[in-house]
Protein chains: 2
Amino acid sequence: MKTAADAKTDTSKRILDIAEELLLTRGYNAFSYQHISSALGVRNAAIHYHYPKKTDLGVALIQRYRRRFQRFVEAQLALTPAQQLEQYYTLTDAYFERDQQICPSGILTTEYQTLPEEMQQEANAFVDEMRDWAVSIAARGRADGSMRYAGTPEAMGLLMLAALQGGLQLARTDQAVIDVLKIQIRALLGLDVPLP
Amino acid sequence: MKTAADAKTDTSKRILDIAEELLLTRGYNAFSYQHISSALGVRNAAIHYHYPKKTDLGVALIQRYRRRFQRFVEAQLALTPAQQLEQYYTLTDAYFERDQQICPSGILTTEYQTLPEEMQQEANAFVDEMRDWAVSIAARGRADGSMRYAGTPEAMGLLMLAALQGGLQLARTDQAVIDVLKIQIRALLGLDVPLP
DNA sequence: CAAACTTTACTTACTGGTTAGTAAGGTGTC
DNA sequence: GACACCTTACTAACCAGTAAGTAAAGTTTG
């Protein structure tokens, strides 16, 4: 009898884990099947067995992000907008603390022009989902009166997404960037700065 | 007699121009000397004659950006902060309209971990200079009363830089991003929206 | 229950293409 | 004839991807 865990082979999942690490630190064009196979202790062709083309691996990576992000969002539907923002911050910190990774949308949109079309489409969908979530935080915050800011929720959500995406990249040259941006976004939203 | 123009050979400059286009559309890791030589109609080794290592080309590119950006900043010292911001917007638009390019700091910080150390140092300096300029706009705007915003000028300048850097990348999936961000940043600075 | 097969998850060994980089030579100009 | 600016011709490394084979586990069938 097959267990649910068999659906995704252990090796298959470990390939995704290693590829994810490589994608967020080096970018899609700057990692190879060699990197993965040597990290995993198998031969090159073994990676091709699980993901025949590099495009297949790239698409699988983004799809996993999308599923994960959807669960992340759903798990926080009951939180206040301010709490949701803090969760977003926690996510951002987690990326940076793990080898100065940047967020997936940052890699995918930066390398966009060189990505195969199937990856571009997945990237579009992923960016849309992240943007929708940021906008919904801004919209709910305004609706319940907990956030006060200029402009529309659509624009404010987009600004938060863009600033944190750019911020994670800039943090590689100065790690203080993230904290400064987190505080500034709270300030622009009219939120009280949490006591240390 | 040598003219001043000979200091930088015509071919040498054209290599930089083509490399710049490739860097801002494809990224440093995703363009090769082949791309340049075929675009220029010369052989591969001719590029190596002018820039022996790819690192040399990369460093030369960033240094040219830095000189160009310094002239850009100096040419606008006399403008009001709001006018300086509009010039920054114009620069941002120019990138996007040219084959959906992104800003150099976006490429350099995203690919940062894979860049040779000499390029990393140049990139650090370049990012610092861009950041300083953004901060100075926010600072002068507050000082002369033309801009009203929450937080410190340092934080607000950094936020503008991060948002526009991220925004140029996100614009590849939705071109309306830039305009939305430009309007939102004006709003957050308490600037009147210019009439269309 | 066991022999016969099919499938899974690899391996070895390879191809053809691209990469940065080099060495040596040619050509025109001051 | 020295120098600037290129060429041809090459190397060694790496890249994604493929073909064929293998060992073990699972499945089917007599």
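Chain naming here is simple, since letters A, B, ... match the order of the sequence lines and numbering starts at 1 in each.
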* For B:Leu40, side-chain contact (heavy atoms from CB on, under 4.5 Å) partners two or more places apart -> B:Thr11, B:Arg14, B:Ile15, B:Ile18, B:Val42, B:Ile47

* Structure fact -> For B:Glu118, the side-chain hydrogen bond (donor to acceptor under 3.5 Å, both in side chains) test, sequence neighbours excluded, returns none

* Can you find a side chain N or O atom of B:Thr11 that sits less than 4.0 Å from OP1 or OP2 on D:dC6? -> yes

* Base-contact (B) and sugar-phosphate-only (S) positions in nucleotides 8-22 of chain D, heavy-atom cut-off under 4.0 Å, - elsewhere -> B------SSBBB---

* For D:dC6, does OP1 or OP2 lie under 4.0 Å from any side-chain N or O of B:Tyr49? -> no

* Quick one: salt bridge (Lys or Arg N to Asp or Glu O under 4.0 Å) pairs with a partner in residues 52-62 of chain A, sequence neighbours left out? -> none

* **Nearest-Å distance for atom pair NE2/C1', residues B:His50 and D:dC3** => 14 Å

* Partners meeting side-chain hydrogen bond (donor to acceptor under 3.5 Å, both in side chains) with B:Ser32 (sequence neighbours left out) -> B:His35

* Asked: Nearest-Å distance, CD1 (A:Ile36) to P (C:dC10)?
  -> 14 Å

* To do: Look only at the side chain of B:Tyr33 and the backbone of B:Arg43, and say whether a donor-acceptor pair between them is shorter than 3.5 Å.
  => no

* Structure fact -> With sequence neighbours left out, the residues meeting side-chain hydrogen bond (donor to acceptor under 3.5 Å, both in side chains) with B:Asp174 are A:Arg131

